[in-house]
Amino acid sequence: MAQEHTEGRVTITEIARQAGVSVPTVSRVVNGRSDVSPRTRARVEDLLRAHGYRKRVSSTAATLVDLVFNDLDSPWAVEIIRGVEEVAHAAGVGTVVSAIHGRSGDAREWMRNLRARASDGVVLVTSALEPVLHEELRALGVPLVVVDPAGSPLLDVPTIGAANWSGGLAATEHLLALGHRRIGLIAGPPRLLCSRARFDGYRATLEGAGLAVDESLVVQGDFRPESGCTGCTALLDLPEPPTAVFAASDQMALGAIEALRRRGLRVPEDISVVGFDDLPEVRWSAPPLTTVRQPLADMGKLAVRTVLRLAGGEQPDSPRVELGTELVVRSSTAPPSARRIS
């Protein structure tokens with residue numbers, strides 16, 4: 001007896017496997033592209049019909065958008081969600097929030113759920129999807145927008161980001177202007193473009209001031225407070241510790257302040273600290289944190305506006321958008337102390 005396949009259960013990955021072709025080839029057939037041989041097209045179309053596979057056709061108005069993170073354990077994610085939800089709610093569009101935890105199994109499960117709920121668009125935040133899942137979205141006709149891409153974005157996928165390079169430059173310039181010359185950096189994950197841009201801004205500013213980058217003053221973090229605490233501790237253990245620390249996220253900056261507290265050091269009297277993000281809680285930290293503000297909620301708003309335009313058949317004004325960053329000076333920075341840190 002032949003096995004039945006109801007609509008929505010079969011994926012183009014399975015169609016490709018049965019047809020003995022690649023996923024992009026199935027995608028081209030689904031989308032009516034001409035660059036497929038007649039014989040291959042006929043084989044794929046027979047399988048598509050047999051499985052009841054139909055390309056999703058957008059309605060006149062979107063009703064549901066998927067918002068996908070790698071993880072949801074940061075106030076940073078909350079700010080993105082706040083922006084997305086504000087615009088989606090005003091447009092009468094529901095939002096489904098998911099985390100894929102960097103695991104392919106979770107991403108594939110999310111894709112199965114997306115097919116079942118017939119989402120109208122996807123906003124992907126600091127995450128990367130396997131090429132086969134991009135092809136699935138393309139074949140389904142579901143538009144994708146990426147916020148802070150994890151790697152080099154696909155040419156046909158719009159991206160929304162912040163001016164991370166100039167933000168790293170502004171933070172480092174501020175510390176140089178106060179008189180600091182040994183400036184430690186707690187960097188973010190190198191796989192993320194935003195992390196690399198912030199580091200490049202730091203490096204360019206030091207080199208522009210005639211200072212070589214001391215690699216011992218650069219430690220690796222993961223944007224979480226624990227890595228900020230660990231990274232700052234490593235900087236304090238150097239024979240000549242820095243007089244200031246630029247942490248590439250507010251969460252790491254708060255972790256760095258905790259490491260300083262444990263050593264009996266004061267901020268900014270003994271060491272200055274600068275963060276990056278301007279999360280709501282840092283204005284209430286002790287002391288209030290000097291940081292680089294990136295417009296997280298605005299990035300979320302623009303991302304969902306863009307994906308809704310794509311779902312409606314429109315094209316974005318620009319495929320690559322960088323929103324401005326701004327240095328916010330509070331009480332965690334001051335000129336270097338004459339006290340030797342040990």
Side-chain angles (χ1 to χ4, degrees), residues 71 73-76 167-190 192 194-195 198-199 201-203 205-206 209 211-294 327-342:
D71 292 294
D73 57 354
S74 167
W76 182 93
L169 180 145
T172 312
E173 276 187 342
H174 171 65
L175 294 171
L176 287 173
L178 289 171
H180 295 279
R181 293 299 178 266
R182 287 188 62 75
I183 301 172
L185 172 67
I186 306 176
L192 297 179
C194 61
S195 299
R198 291 170 201 177
F199 171 73
Y202 161 86
R203 177 174 56 192
T205 309
L206 291 179
L211 300 172
V213 175
D214 184 343
E215 295 298 335
S216 70
L217 291 176
V218 179
V219 295
Q220 197 62 57
D222 61 8
F223 287 158
R224 294 179 173 85
E226 296 81 4
S227 69
C229 187
T230 301
C232 188
T233 300
L235 292 172
L236 294 175
D237 288 337
L238 292 172
E240 188 180 354
T243 62
V245 173
F246 169 34
S249 78
D250 283 351
Q251 292 270 284
M252 293 197 299
L254 295 177
I257 290 174
E258 173 60 19
L260 295 167
R261 186 194 65 79
R262 293 176 184 178
R263 291 289 181 95
L265 297 171
R266 300 164 301 164
V267 178
E269 291 85 355
D270 298 315
I271 293 187
S272 290
V273 178
V274 178
F276 200 111
D277 285 329
D278 196 28
L279 298 175
E281 61 263 37
V282 302
R283 69 193 65 180
W284 306 108
S285 63
L289 184 68
T290 294
T291 187
V292 175
R293 175 182 296 152
Q294 63 168 333
L327 180 71
V328 180
V329 179
R330 296 194 179 101
S331 305
S332 66
T333 51
S337 170
R339 173 185 173 186
R340 179 172 174 79
I341 299 168
S342 59

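On a predicted model such as this, the values are computed, not experimentally measured, just so you know. Index from 1, following the sequence.
Note that CZ of Phe223 is 8.5 Å distant from CZ of Phe276, once rounded to the nearest 0.5 Å. The NE2 atom of His174 sits 7.5 Å away from the NE2 atom of His180 when rounded to the nearest 0.5 Å. Taking CZ of Arg182 as the start and CG of Leu217 as the end, the distance is 4.5 Å to the nearest 0.5 Å. A distance of 5.5 Å separates OG1 of Thr291 from CG of Asp278, quoted to the nearest 0.5 Å. Of the inter-residue distances, the one linking Cys232 atom SG with Met252 atom CE reads 11.5 Å to the nearest 0.5 angstrom.
Heavy-atom minimum distance, Leu289 versus Val273: CD1-O, 3.8 Å. Nearest heavy-atom pair, Pro287 versus Val267, reported as atom, atom and distance to 0.1 Å: CG-O, 3.5 Å. Residues Leu327 and Ala171 come closest through the heavy atom pair CD1-CA, 4.3 Å. Of all heavy-atom pairs between Thr172 and Phe246, the closest is OG1-CD2, 4.1 Å. The minimum heavy-atom distance linking Ile186 with Ala256 is given by the pair CD1-CB, 4.1 Å.
Between the side chains of Thr333 and Thr290, at least one donor-acceptor pair of N or O atoms lies under 3.5 Å.
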Item to check | Verdict with reasoning, Arg224 to Asp71, per side chain to side chain contact (heavy atoms under 4.5 Å, CB included) | outcome: CA-CA 11 Å; Arg224 294 179 173 85; Asp71 292 294; 3.5 Å; yes

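Salt bridge present: Asp237 and Arg263 bring a charged side-chain N and a carboxylate O closer than 4.0 Å.
Between Glu281 and Gln251 there is a side-chain heavy-atom pair separated by less than 4.5 Å.
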